[in-house]
Amino acid sequence: MTNLPKIYAPQEIEGKWYQFWQKNDYFHAAATSEKQAYAIVIPPPNITGSLHIGHALDNTLQDCLIRWRRMQGYNTLWMPGTDHAGIVTELIMERKLAEEGTSRIELGREKFTERMWQWKAESAGYIVSQLQQLGCSCDWKRERFTLDEGLSKAVRTAFVKLYNQGLIYRDTYMVNWCPECNTAISNLEVEPIEVDGNFYHIRYPVKDSDVVLEIATTRPETMLGDTAVAVHPDDERYQHVIGKTACLPLCDREIPIIADAYVDREFGTGTLKVTPAHDPNDYEIGLRHELEQRTIFTQDGHISEAAPEKYVGLSRWDCRKRVVEDLQNLDYLVKIVPHRHAVGHHDRCGTIVEPTISLQWFMNVRPLAQRAIEATQNGEVRFIPERETDRFYHWMEIIEPWPISRQRWWGHRLPIWYCNACDAVTAAMETPQQCKCGASDFHQDEDVLDTWFSSGLWPFSTMGWPEETEELKTFYPTSVLVSGWDILFFWVSRMIMLGLGCMDKVPFRTVYLHGLVADEKGQKMSKSKGNTIDPLETIDTYGTDAFRFALANVSTPIPYVSLSESQIESGRRFANKIWNAARFILMNLEKHPIPAEVDAIETEQETLEITWIRSRFSHTIKTTTDALENFRFYEATQTLYAFLWHEFCDWYLEFTKQRIAQDEPAALWVAADVLEQTMRLLHPLMPFLTEEIWQQLPRNRTQDDKSVTIAPWPEPTGENSTAETTMATLTEVIESIRSIRGELNVPIGASVEVHIQSPNSEVRERLETYLSQYLPAFTRVADITIAESLQKPPASAEAVIGELAIYIPLADVIDLEAEQARLSKRHQQALKDVTAAQKTLDNPNFVERAPEKVVAQKRAQLERLLTEQDKLARSLAMLTESGSENGD
RNA sequence: GGGCGGGUAGCUCAGGUGGCUAGAGCGACAGCCUUACAAGCUGUAGGUCACAGGUUCAAGUCCUGUCCCGCCUACCA
C-alpha cells in the first residue's frame with residue numbers, strides 16, 4: 001500500500017524540494033548560452049524589511065513567469081537582490097537608537113553608518129529566506145545589494161557620465177524639505193493629504209493711506225517671511241494700490257504691492273501675500289519681481305533669525321498660534337474660516353513638508369524623458385495593462401528636474417569633490433589628485449543620492465555595468481519587469497530613463513504592472529487598518545502553493561485586487577484535491593503497474609474517454625500557455641482548476657474506476673500520464689506540490705528528468721471534436737439521470753431502470769456502445785433500454801435533452817406532485833427560450849443580414865428547444881391526467 | 001478642475017475583435033461517511049449585466065449622457 005497520507009501536508013515537503021532545486025543549481029543562469037535568454041530583475045526589497053502581501057503577489061507572478069519560461073527551454077535569469085532603501089531604513093534605525101537613548105546625530109556619521117551595516121549584516125538573510133519560502137527560483141548566486149562595491153561603482157559611473165553630459169547640476173532652487181528628516185525630497189515623495197485647516201483673513205494696511213487690504217491665508221506664520229503683496233494687474237478693485245507699499249503686521253517691515261497675473265481675482269479677496277522662500281508659486285512670483293527671499297524656518301522646522309525676535313526658536317505650529325494671537329490682539333485679524341485643503345506630507349515619515357529654497361543637486365530628466373516617450377512610441381517598451389502607457393506619457397511630459405541629493409548618510413555619497421583652495425567642483429570616480437588651480441586638497445560632498453537613483457540603475461548595475469560583461473550582452477535589455485503600478489513613476493520610469501541614459505537601450509521590453517492587494521471589502525491592505533494578510537502565517541497555515549494559487553487567481557487586471565482567506569482556503573482545497581487524485585492513481589498503479597510497452601497498449605486500447613481527456617488536455621495546454629503569454633494569470637489558474645477538478649477528477653477518474661473494475665487498466669495509465677503532464681503545466685503556479693507528485697509518478701525516463709523544474713513545457717497535441725461531442729452527449733445523459741435521482745430523492749442504494757428514446761440512430765449507437773460501460777460508475781442501474789421509440793413507462797420520471805428522452809420508472813418512490821413541479825419548471829424555461837429564439841428568427845433582417853453560420857446555429861437551437869418544449873408539454877399533460885385519475 | 005479604472009448572483013470576480021440558453025470560486029439550501037479526497041460527492045436555488053438614450057438584424061460587450069464608488073493628477077493662496 002502506498003504511504004501517501006490522506007491529507008496533503010505542504011509543510012513536510014516544501015523545504016525539502018527547495019533545497020533539492022538549490023543543490024542541483026536549477027535556478028542558475030549561464031552568462032552565455034545557446035538558448036534564448038529570458039530575464040527578469042527583481043524589484044529589490046528593503047534589505048532590512050520582511051515579506052508583505054505586495055511582495056508575495058509580485059514575486060509569485062515573477063516566479064511563475066520564470067519557471068514557465070525555464071520549462072519552455074529559455075536561458076532564464078531571475079536576478080535577485082536587495083535595496084538599501086535610504087531614508088526608510090534610516091528612520092527605522094533612528095527609532096531603535098531613540099529606544100537606546102541615543103540618536104543619529106549623537107553617534108555621528110561614521111558610527112551611524114557602521115550601525116547600519118551591522119544591522120544589514122544581521123537582517124540581510126531574512127528577506128531572502130522569505131522569498132525562498134515563497135518558492136522563488138531566483139539565481140541566488142548572483143544576488144546583489146545596491147550598496148555593494150560593484151553597484152556603487154555603477155552609481156558613480158552613471159553620475160559622472162550624466163554630469164559630464166550636463167544633465168546633473170547644482171542649483172539653488174525651491175525644493176520640498178522634510179524638517180523631520182532634515183533633507184530635501186522630490187515631488188513624488190510628497191503625499192498630499194486632506195486636512196481640516198482654516199483661512200485666516202488678515203489686514204495689511206497700505207502705507208500713507210486709509211486703505212487696508214484683507215488677505216486670506218491658510219498659513220499665517222508664513223507672513224513673517226512675506227516680501228510682497230500681489231493683486232491681479234487688471235483687478236479694478238486694486239488699481240489704486242499697485243506700486244504702493246504695505247505695512248507688514250507684526251514685523252515692522254514694509255513690502256511692495258505688486259501686480260501679477262498669477263493672482264486669481266475670483267478667489268477669496270483677490271489679494272495674495274507673497275512668501276517667496278516658502279511657497280512654490282510665491283517663489284516664481286518672487287523671481288519675476290526680484291523680491292527678497294526671506295527664509296524664516298530653520299532646517300528642523302523652527303523659526304529662524306530672519307523673523308522678528310519674539311518668534312525665533314518657536315516650532316512652526318507654536319509660531320502659528322502666537323502669530324494668530326498677536327494678530328488678534330492688535331486687531332489685524334478679520335476672521336477665521338474653516339477650510340479643508342490638501343497639505344503635503346513626507347511619504348516616509350508623515351511630516352508636513354516645508355517648501356524651502358536650498359542648494360541641491362538636480363538631474364535634468366527632460367531629455368531622457370523625451371527619449372523614454374519615443375522609445376515607448378517605437379514599441380521598444382510595452383506596458384501591460386495598456387492603459388498604463390498613458391499614465392506613463394503624462395508623467396514623462398510634465399516631469400520636472402529631479403532633486404537627487406539627500407542630506408542623509410545611508411546611501412551613495414555624491415561623487416563630487418570641492419577644491420579646498422578654489423572651491424572648484426569635480427565629478428569623478430575617486431578623489432581627484434590635483435585641482436586645475438594646482439591645489440591637491442579636496443573634500444567630498446556630504447550628501448547621499450536619492451535611493452531611487454541607484455535602484456534606477458538596477459537592470460544593468462546588477463549585471464556588472466560599467467564593465468562590458470557577458471551577462472549584459474546576454475540579458476540586457478531584460479524581458480519583463482513586474483511591479484505594482486504604484487511605483488511606475490518612482491522606479492519604472494527612472495529605470496527607463498537611466499537605462500537610456502547609461503546603456504542607450506531601454507532596460508526591459510515589457511512592463512507588467514499588477515494591481516495592489518486589497519482585502520475582501522476592496523480596502524487597501526495596510527498595517528494601520530489591521531486588514532493585512534501576513535504571507536508567512538498564511539504559508540504556515542495553508543501552504544505556499546495554496547497561497548500562490550490564490551494570488552495568481554485574484555490577479556485580474558484591475559487596480560486593486562481583493563484577496564480573502566476564503567480564496568486561499570480554496571487554493572488549499574485544490575492542492576488537496578490534486579494530492580488525492582495522485583494518491584488514487586498511485587494506489588491503483590501498484591495493482592496495475594505500467595508495462596514497459598505502455599505506448600503500444602494505449603494506442604490499441606484507445607477508448608472514448610482516453611481520446612476525450614487527451615483532447616481536453618490539449619485544449620488546456622493551449623489555453624494555459626496563451627494565458628501566461630498574455631499575463632492573464634487568473635485565466636491560467638481557472639483553466640487548470642477547471643480541467644483538473646471538473647474534467648480530470650469528476651469525469652475521467654470516475655471512468656477510470658469503472659475501467660479498473662472491468663480490468664482494463666489502460667485508462668489508469670493514461671491518467672498517470674495526463675496527471676504527470678498536468679503537473680508540468682501547473683508547476684509555475686504550484687511548484688512544491690507539483691514537484692512532489694511529479695517525482696512519484698512513473699514517467700518515460702528519457703533524458704534529463706530529475707525535476708519537474710526543468711521538465712519540458714507540454715505542447716498541444718490537437719483536439720478531437722468528435723470525441724468531445726460524443727462525450728458531451730453522454731455526460732448530459734448521466735447528469736440528467738443524476739438530476740432526477742437528486743430531485744426526487746431516490747436513495748443512493750436504489751437501482752433504477754433507465755429507458756432512453758432517441759430517433760437518431762447515430763446517437764443511439766453511441767449510447768449503446770458507451771452507456772453500459774460508463775453508467776455504473778455514476779449511478780446504480782438495473783437495466784438500460786435504448787430504442788427509437790418507446791412508451792413512457794407508468795409512474796416514471798422524465799428528462800428531455802433535445803429530441804432525446806430519458807424515462808426512469810419510479811413506481812415505489814415517485815412523488816407525482818414533485819415530478820409535476822419539476823417538469824413544469826423545465827417546461828416554463830423551455831417555453832421562454834423558445835419564445836426568445838423564435839423572436840430572433842422571425843425578424844427577416846436577422847435572417848438576411850446575420851452571417852449564415854449564426855442563423856443556422858439559431859435555427860438548430862430553436863428546433864431543439866421546440867422538440868424539448870413539445871415533449872415536456874405532452875408529458876406534463878399526461879402527468880396531470882394520471883394525477884387527477886389517481887386523485888379520483 | 002482634468003484624467004483613469006470600476007458598477008454583472010448574497011460576496012469576490014471572469015466575460016479579446018458585438019452572435020451558444022451570461023459563467024467561476026466562495027457562500028446559501030437539500031441529500032449523501034459511494035473503498036482518492038467530508039478539506040469530499042450529488043443535486044437545487046439565485047442575475048432587468050448601475051440608470052437613460054443611441055448605433056445594429058443582434059449590445060454585458062460599441063457610442064452619448066446621468067448617477068454612485070475608487071484611484072491618479074493639478075498652483076486655487
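Worth knowing before you read on, the calculation uses all heavy atoms, side chains too, and leaves out hydrogens, waters and symmetry mates. Bear in mind the structure is a predicted one, so any value in this text is a computation, not a measurement. Numbers restart at 1 for each chain; the letters A, B, ... are given by sequence-line order, proteins then strands.
One interatomic measurement links the two molecules: CD of A:E732 to C1' of B:C20, which rounds to 13 Å at whole-angstrom precision. Taking atom CD on A:E735 and atom C1' on B:C41, their separation rounds to 14 Å, with Å as the unit. Rounded to an integer number of Å, the gap from CD of A:E635 to P of B:G23 is 17 Å. The distance from atom CG of A:L488 to atom P of B:G3 is 20 Å, rounded to the nearest whole Å. The distance from atom CG of A:D650 to atom P of B:G40 is 11 Å, rounded to the nearest whole Å. Distance CZ (A:F648) to C1' (B:A36): 11 Å, rounded to an integer number of Å. The distance from atom CG of A:L862 to atom P of B:C20 is 15 Å, rounded to the nearest whole Å. Per the geometry, CG belonging to A:D226 stands 16 Å off P belonging to B:A77, to the nearest Å.
Not less than 6.0 angstrom separates the ring centroid of A:W395 from the ring centroid of A:F490.
Shown here, B:A22 forms no base pair; nothing in the strands shown gives a Watson-Crick or G-U wobble contact with both key distances under 3.5 Å. Across all strands shown, B:C29 pairs with B:G43; the Watson-Crick or G-U wobble distances both stay below 3.5 Å. Pairing of B:A59, defined by two Watson-Crick or G-U wobble distances under 3.5 Å, is not identified with any nucleotide. In this entry B:U17 has no Watson-Crick or G-U wobble partner, no candidate having both defining distances under 3.5 Å. Shown here, B:G70 forms a base pair with B:C4; the pair counts as Watson-Crick or G-U wobble because both key distances fall under 3.5 Å. In this entry B:U35 has no Watson-Crick or G-U wobble partner, no candidate having both defining distances under 3.5 Å.
Note on A:D390: nothing from the nucleic acid sits closer than 4.0 angstrom, heavy atoms only. A:D626 comes within 4.0 angstrom of a nucleotide base, judged by non-hydrogen atoms across all strands. Contacts of A:D833 with the nucleic acid, taken as non-hydrogen atoms under 4.0 Å apart, include base atoms. When heavy atoms are screened at a 4.0 angstrom cut-off, A:E743 is found touching the sugar-phosphate backbone but no base atom. Counting non-hydrogen atoms under 4.0 angstrom, A:I7 reaches a base of the nucleic acid. If you check every strand for non-hydrogen atoms under 4.0 Å, A:R572 touches a base. No contact: A:K853 has no heavy atom under 4.0 Å from any strand. A:V847 comes within contact range of no nucleotide atom at all, as no heavy-atom separation falls under 4.0 Å. Contacts of A:E388 with the nucleic acid, taken as non-hydrogen atoms under 4.0 Å apart, are absent.
A side-chain N or O of A:E189 and one of A:S186 form a donor-acceptor pair less than 3.5 Å apart. Checked by atom type, the side-chain pair A:D226/A:Y204 shows a donor-acceptor distance below 3.5 Å. At a cut-off of 3.5 Å, with distance as the only test, no side-chain donor of A:N576 or A:R573 sits close to an acceptor on the other residue. No hydrogens or angles considered: a donor-acceptor pair under 3.5 Å links the side chains of A:S564 and A:Q567.
Nearest-nucleotide positions on RNA chain B place A:Y634 closer to the 5' end than the other of A:R738 and A:Y634. For the pair A:G268 and A:I585, nearest-nucleotide mapping onto RNA chain B gives the more 5' position to A:I585.
Which of B:A14, B:U44, B:A77 sits closest to the side chain of A:R826 comes down to B:U44. In this structure, of B:A45, B:A36, B:A77, it is B:A45 that holds the atom nearest to the side chain of A:K825. Side-chain proximity of A:P851 to the nucleotides B:A77, B:G19, B:G43 is greatest for B:G19. Out of B:G15, B:A36, B:A38, the shortest distance to the side chain of A:N580 is found at B:A36. Side chain of A:R632, nearest nucleotide from B:A77, B:G16, B:U42: B:G16. Nearest to the side chain of A:N576, among B:C37, B:G19, B:G16, sits B:C37. For A:F267, the side-chain atoms get nearest to B:A77 when compared with the rest of B:A77, B:A14, B:C37.
The structure places CG of A:L213 at 12.5 Å from CD1 of A:I202, a figure rounded to the nearest 0.5 Å. Separation of atoms OG1 (A:T356) and OH (A:Y173) is listed at 14.0 Å; rounding is to 0.5 Å. Atoms CD1 and CG, from A:I808 and A:L744 in turn, are 8.5 Å apart once rounded to the nearest 0.5 Å.
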Distances for protein N or O near nucleotides 24-33 of chain B N or O, under 3.5 Å:
{"residue": "B:G25", "atom": "OP1", "partner": "A:H646", "partner atom": "NE2", "Å": "3.1"}
{"residue": "B:G25", "atom": "O2'", "partner": "A:S570", "partner atom": "OG", "Å": "3.4"}
{"residue": "B:G27", "atom": "OP1", "partner": "A:R573", "partner atom": "NH2", "Å": "3.4"}

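With P as the reference atom, B:C49 and B:G23 are 14 Å apart, rounded to whole Å. Taking the P atom of each, B:C20 and B:A59 are spaced 11 Å apart, rounded to whole Å. Spacing of C1' atoms, B:U61 relative to B:G25, comes out at 23 Å, to the nearest Å. Comparing the same atom, P, in B:G60 and in B:G7 gives a spacing of 15 Å after rounding to whole Å. Taking atom P on both nucleotides, B:A58 is separated from B:G15 by 26 Å, rounded to a whole Å. B:G47 and B:G5 have their C1' atoms separated by 23 Å, with the value rounded to a whole Å. Comparing the same atom, P, in B:C67 and in B:C11 gives a spacing of 24 Å after rounding to whole Å. Between the P atoms of B:G70 and B:U12, the separation comes to 14 Å (whole Å).
For the OP1/OP2 pair of B:C11 and a distance below 4.0 Å, the side-chain nitrogens and oxygens of A:S562 include no atom meeting the criterion. Regarding contacts with the backbone of B:A14, a side-chain N or O of A:T556 is found under 4.0 angstrom from either OP1 or OP2. Residue A:K6 places at least one side-chain N or O closer than 4.0 Å to OP1 or OP2 of B:A38.
A:E868 and A:K871 are not joined by a salt bridge, as no carboxylate oxygen comes within less than 4.0 angstrom of a charged side-chain nitrogen. Contact check on A:E798 versus A:R826 returns no salt bridge, with no Lys/Arg side-chain nitrogen under 4.0 Å from an Asp/Glu carboxylate oxygen.
Classified by its glycosidic torsion, B:G16 falls in the syn category, the angle being within 90° of 0.
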Report summary line: Per-nt protein contacts along nucleotides 69-75 of chain B (heavy atom under 4.0 Å; B base, S backbone sugar-phosphate only, - none) come out as --SSS-B
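The closest donor-acceptor contact from the side chain of A:N630 to the backbone of A:R632 lies at 3.5 Å or more, if one exists at all. In this structure a side-chain-to-backbone donor-acceptor pair under 3.5 Å is missing from A:R859 to A:L841.
Scanning atom types as modelled, no donor and acceptor separated by under 3.5 angstrom connect the side chain of A:K577 and the base of B:A39.
Residues A:V353 and A:V190 share a closest heavy-atom pair of CG2-CG2, 4.1 Å.
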Query raised in the report: Given the rule in the salt bridge (charged side-chain N to carboxylate O under 4.0 Å, His left out) test, do A:R738 and A:E654 qualify, once you have shown the distances and angles that lead to the verdict?
Result: CA-CA 14 Å; A:R738 287 205 294 217; A:E654 295 305 319; over 6 Å; no
